[in-house]
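First comes the structure, then the notes that go with it.
Numbers here simply count residues along the sequence, with the first being 1. Values in this document were obtained by computation on a predicted structure and should not be read as measured data.
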Amino acid sequence: MQPQVITLAMRPTVALADHDFLRATYEMLLRASVRNLAAINAAFAALDAAHARLKATHMKQHVTLMN
């Protein structure tokens with residue numbers, strides 16, 4: 001299942017915080033003494049979606065600033 005990109009007027013700082021939190025969660029799961037592949041895959045999918053939201057938010061901000 002492909003992650004959906006949701007861009008509901010998210011501020012870049014919120015999108016960045018979302019991405020950083022999910023990245024930290026993903027890294028923590030990778031370093032866990034007992035690996036749960038389903039949790040790692042879900043965390044990666046969430047991180048991928050957060051990255052897409054962050055990119056979209058920055059692009060919206062760029063377009064807004066250029067107009």
Side-chain angles (χ1 to χ4, degrees):
M1 185 166 94
Q2 292 293 325
Q4 297 270 337
V5 177
I6 301 171
T7 56
L8 300 173
M10 188 179 280
R11 295 188 325 262
T13 53
V14 174
L16 182 59
D18 180 40
H19 178 269
D20 286 346
F21 173 75
L22 290 169
R23 185 186 66 213
T25 302
Y26 176 68
E27 290 174 0
M28 179 190 67
L29 287 169
L30 286 178
R31 293 186 178 110
S33 58
V34 177
R35 288 194 169 195
N36 180 338
L37 289 180
I40 290 171
N41 290 339
F44 184 78
L47 177 60
D48 194 35
H51 184 251
R53 287 191 301 272
L54 180 61
K55 284 176 57 176
T57 302
H58 278 289
M59 184 58 73
K60 277 182 156 182
Q61 184 183 38
H62 176 73
V63 168
T64 301
L65 291 173
M66 296 304 285
N67 289 333

Pairs under 3.5 angstrom only: tabulate donor-acceptor contacts from the side chains of residues 28-38 to other protein residues two or more places apart or in another chain.
from  : atom 1 : to    : atom 2 : distance (Å)
Arg35 : NE     : Leu30 : O      : 3.3
Arg35 : NH2    : Leu30 : O      : 2.8
Asn36 : OD1    : Ala38 : N      : 3.1
Asn36 : OD1    : Ala39 : N      : 3.2

All ring-ring contact (aromatic ring centres under 6.0 Å, His included) counterparts of Phe44, not counting sequence neighbours: Tyr26

Option from Asp18, Asp20, Thr13 for which side chain to side chain contact (heavy atoms under 4.5 Å, CB included) with Leu16 holds: Asp20

For Asn41, the side chain to side chain contact (heavy atoms under 4.5 Å, CB included) test, sequence neighbours excluded, returns none

To the closest 0.5 Å, what do you measure between CD (Glu27) and CG (Leu22)? 11.5 Å

For atom NE2 of His58, is the number of surrounding heavy atoms from other residues, nucleotides or ligands below 6.0 Å larger than 12? yes

From OG1 (Thr25) to CD1 (Ile40), nearest 0.5 Å: 12.5 Å

Residue list, side chain to side chain contact (heavy atoms under 4.5 Å, CB included) with His19, at least two apart or on another chain: Arg23, Leu47, Ala50, His51, Leu54

